[in-house]
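Report on the structure given below.
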Amino acid sequence: MTASSHPAEMAISVGLLTAPAPRAARAPVQRTVEVIGRRPVDAYVELTLAAPEIAERAQPGQFVAFAVGGDTSALLLRRAIAISTAEDGVVTVVVSAAGPGSTWLTERQVGDTLDVVGPLGRPFPGPPAGARALLVGGGYGAAALVGLAVRLRAEGHPVDVVAGAAAADRLCSVQELIGIADTVAVTTDDGSSGRQGLVTLAVDELLPDAGVVYACGPMPMLRAVADAATAHGIPSYVAVEESMACGIGVCMTCVLPIVGEDGRTRFSRSCTEGPVFGGDRVRFADVGTLPWDVVGADAMGVVQP
Amino acid sequence: MTATETRGHDGHSGRSDTAVDMRTTLGSAEIPSPVLTASGCSAFGRELEPFVDLTAIGAVVTKSVQLRPRSGRSTPRMAETPSGMLNSIGLQGTGIDGLLTEELPWLAERGVRSFVSIAGTRVEDFAELAERLRGVPGVLGLEVNISCPNVESRGEVFACDPVAASDVVSAVRAAADPAHPVYAKLSPDVTDIVSVARAVSDAGADGLSMINTLLGLVIDPDTMRPVLGGVTGGLSGPAIRPVALRCVWQVHQALPDVPILGMGGIRTGLDALQFVLAGASAVSVGTAVFNDPSAVARVHDELAAALGERGFTSVAEAVGYAHR
């Protein structure tokens, strides 16, 4: 490998397709809110919250962070969940019961209250003028694209959606997206719904017409979609699902290696510098490692090989 | 927005009505509240602005700063544990230049008091940091982080050795602004914390911050490998509160004149009260902020109410009360 082929230096010499997502216009709030709707949807539970001050601030791509288990809970860390829709004083989220905290959330009933902080994180940047948008959701990540699809259609952008999951019961928000988008393609790993295969099957077909790509889902999917978009010269924005302790930017646990505007890579917080990153700014291959060219790696004793 | 408007889940509607005098001191520095943030748990304070009136809290204890920018460790950096968590951040930060040009001016412009945590791998690093913080507006004093467990070797945990700890503290005391109280942050991972406390106190520490996290480990039963990228991490949260309280108790008993900033699993005003009764003249709220971003203001209110209910007219009266 020559020096000029290193990703960080390519960023400077070649330039990237995306700019870092700007901060949200408004600061978050912490509120105790009431659950006004609970709807099991296949493998997930959709919660509807009366949260007017969060709803009025929220923009597509942002998330909320829930305290779980009550005031004396032994589970201290907040659960960060993408906002699906936020309108008319109501916020909806789709929760996947993965561990004890998210399971507790899925068990909330109408009339229960939740301590929630939000909206948090940076929203999806707007598309280039007139661009056709391709939205790609993996599993419950598709829920985070519903509000974005509504906004894009309202602004006159054609919207294609690809929703993928391991199996039919892991798909999410497909009916809502069918009602909003121009086209919706579905893929499942086992063929139990839509075409059998990964989302890239459909993404590769739709990319040539797209002017911008937005994606939310598990990391391997985001990487595949971002790489495909970048290979076509199309800007992509990915909303990552990193585990967070606080969601507000103080704990420093949710960092990813992100290429900044200056072309240098930093460990950037998924909560406050994300969760939306330019797809060509995430160094997916280096997640979970400490590359030598991350700012400050030298102070950790990691030197250029 | 004020802390009152963002009241958490305790139902209190505002600052306590009790007439308890909540003023206290960090060494020579007076502060209006005995409740502070904890280093490493509130970054540099900015992110808490939507949730807390930062000018009303005792001080923002900043994330430890080093001389140079530092990336911190690879991920995963966090593992949830019963009533707590392990962290393995590895002191990520922009370094002293970033602190001086970005973070401290932001705090000072708003009238927010800062208590700056400094860290390093050599005695000279600590001294240089203390030197560069002389006379900086808004800085009340220094917390010397000689006890971060997330470093390359246990030899870097100065607080595990009374002599090494004393070397750092005396160098910092000599280099620091004379108006800055110097607090040494101690590790509970020692055989006899009182001997370390006595050593750093003799070396010139104006106070003690107790405790840092305990070194811990979690293994993922699915991968059968350690969860954290750094393998081990620092345990914090209510799980460590009895350990922290024991350390404060022992040190206050042995060194009743040395001020203590108590921390370790404080989540409520009654938790803070225990630390005050054990001998702490101020407390830091750390991991609880991840659970409740308004925790620092809430703990202040709950502590004021708890002191009033017990007939105290000032927090100072209650310091070390459990020993009497």
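Naming convention: chains lettered A, B, ... in sequence-line order (proteins, then strands); numbering from 1 in each chain.
The shortest side-chain heavy-atom distance between A:V250 and B:K63 does not fall under the 4.5 Å cut-off. Considering only heavy atoms from C-beta on, A:S243 comes within 4.5 Å of B:M78 through its side chain. Looking at heavy atoms from C-beta onward, B:R77 lies in side-chain contact with A:F267 at the 4.5 angstrom threshold. A 4.5 Å side-chain heavy-atom check between A:L76 and B:T287 finds at least one atom pair inside the cut-off.
Contacts of B:P76 with chain A are absent, with no heavy-atom separation under 4.5 Å from either backbone or side chain. Interface remark: A:R26 contributes no atoms to any contact with chain B (heavy atom separation under 4.5 Å). Within the 4.5 angstrom heavy-atom criterion, no atom of B:R46 approaches chain A.
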Next on the checklist: Pair A:V255, B:T75 - check side chain to side chain contact (heavy atoms under 4.5 Å, CB included), show working.
Outcome noted: CA-CA 7 Å; A:V255 300; B:T75 56; 3.7 Å; yes
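The greatest number of non-hydrogen atom pairs below 4.5 Å with chain B, out of A:T289, A:T272, A:V287, A:V68, is found for A:T289. Counting heavy-atom pairs under 4.5 Å between each of A:L290, A:T72, A:T253 and chain B puts A:T253 at the top. In terms of heavy-atom pairs under 4.5 angstrom with chain A, the leader among B:G84, B:G40, B:P293, B:G93 is B:P293.
For the residue pair A:P28 and B:P50, the shortest heavy atom distance occurs at O-CB, 3.5 Å. Listed here is the closest heavy atom pair of A:A245 and B:M85: CB-CE, 4.2 Å. The two residues B:R70 and A:A299 make their nearest non-hydrogen contact at NH1-O, 3.5 Å. Of all heavy-atom pairs between A:M300 and B:S71, the closest is CG-OG, 3.2 Å.
Here the CG atom belonging to B:N291 is positioned 11.0 Å from the SG atom belonging to A:C246, to the nearest 0.5 angstrom.
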